[in-house]
Amino acid sequence: MSEYGEFNTGYESGDVEQLHTEAGSEQDYQSDFGVYSQDSASAESTDFETGKHVEYEGADGSRYESTDYTSYSHDEAETNSVFAAEGNEQYSASEFSSLDALRAQFESAFAEGTQISDGGQAGLSIASN
């Protein structure tokens, strides 16, 4: 210690490190399916008959007979069918991650002192940053 008291000076340094991480993921799924069906049917039936019969007997004992007969039959059936299926399916996935690093270095000089006495006068304090 001296007559002026204690007086220190020095030097400081330091580091600050900061690490920030983020991570995430996203998944999507979608499906869409459709079915279309159409049916139709028709049927037709036609029957036709006609006939003619003639019979004649004369006074002299002669005889005449005639028969005409027509028969018609028609049957028809028809079917139509349409079937369709459609589908759509989607899937997606994504992932992300982020890493941020920050490093800061600082240096500072300082001086600090205690009270200096100069023989009865007012005290003096020194401090600086």
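For reference, positions follow the sequence shown, starting with 1.
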Rounded distance [0.5 Å steps], [atom1] in [X] versus [atom2] in [Y]:
{"X": "S31", "Y": "Q90", "atom1": "OG", "atom2": "CD", "result": "9.5 Å"}
{"X": "K52", "Y": "S66", "atom1": "NZ", "atom2": "OG", "result": "6.5 Å"}
{"X": "Q27", "Y": "S94", "atom1": "CD", "atom2": "OG", "result": "8.5 Å"}
{"X": "E86", "Y": "D32", "atom1": "CD", "atom2": "CG", "result": "7.5 Å"}

When you compare the side chain of [Y] with that of [X], does any pair of heavy atoms fall below 4.5 Å?
{"X": "H74", "Y": "E44", "result": "yes"}
{"X": "Y91", "Y": "D28", "result": "no"}
{"X": "S45", "Y": "D47", "result": "yes"}

task: Tell me, with the steps shown, if E89 and Y29 meet side chain to side chain contact (heavy atoms under 4.5 Å, CB included).
output: CA-CA 8 Å; E89 194 171 20; Y29 176 77; 2.4 Å; yes
Atom [atom1] of [X]: over 12 foreign heavy atoms under 6.0 Å:
{"X": "E95", "atom1": "CD", "value": "no"}
{"X": "E65", "atom1": "CD", "value": "yes"}
{"X": "Y64", "atom1": "OH", "value": "no"}

Do E49 and Y69 have side-chain N/O donor and acceptor atoms under 3.5 Å apart? yes
Item to complete: Please name the pair of heavy atoms, one in V82 and one in D39, separated by the smallest distance, quoted to 0.1 Å.
Response: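 For V82 and D39, the tightest heavy-atom pair comes out as N-OD1, 4.5 Å.
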| task | Give the minimum heavy-atom separation between F83 and V35, together with the two atoms involved. | result |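 Smallest interatomic distance, heavy atoms only, reads CE1-CG1, 3.5 Å.
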Please determine whether side chain to side chain contact (heavy atoms under 4.5 Å, CB included) holds for the pair F33 and N88, giving the CA-CA distance in whole Å, both sets of side-chain angles, and the decisive distance to 0.1 Å. CA-CA 6 Å; F33 291 97; N88 184 11; over 6 Å; no
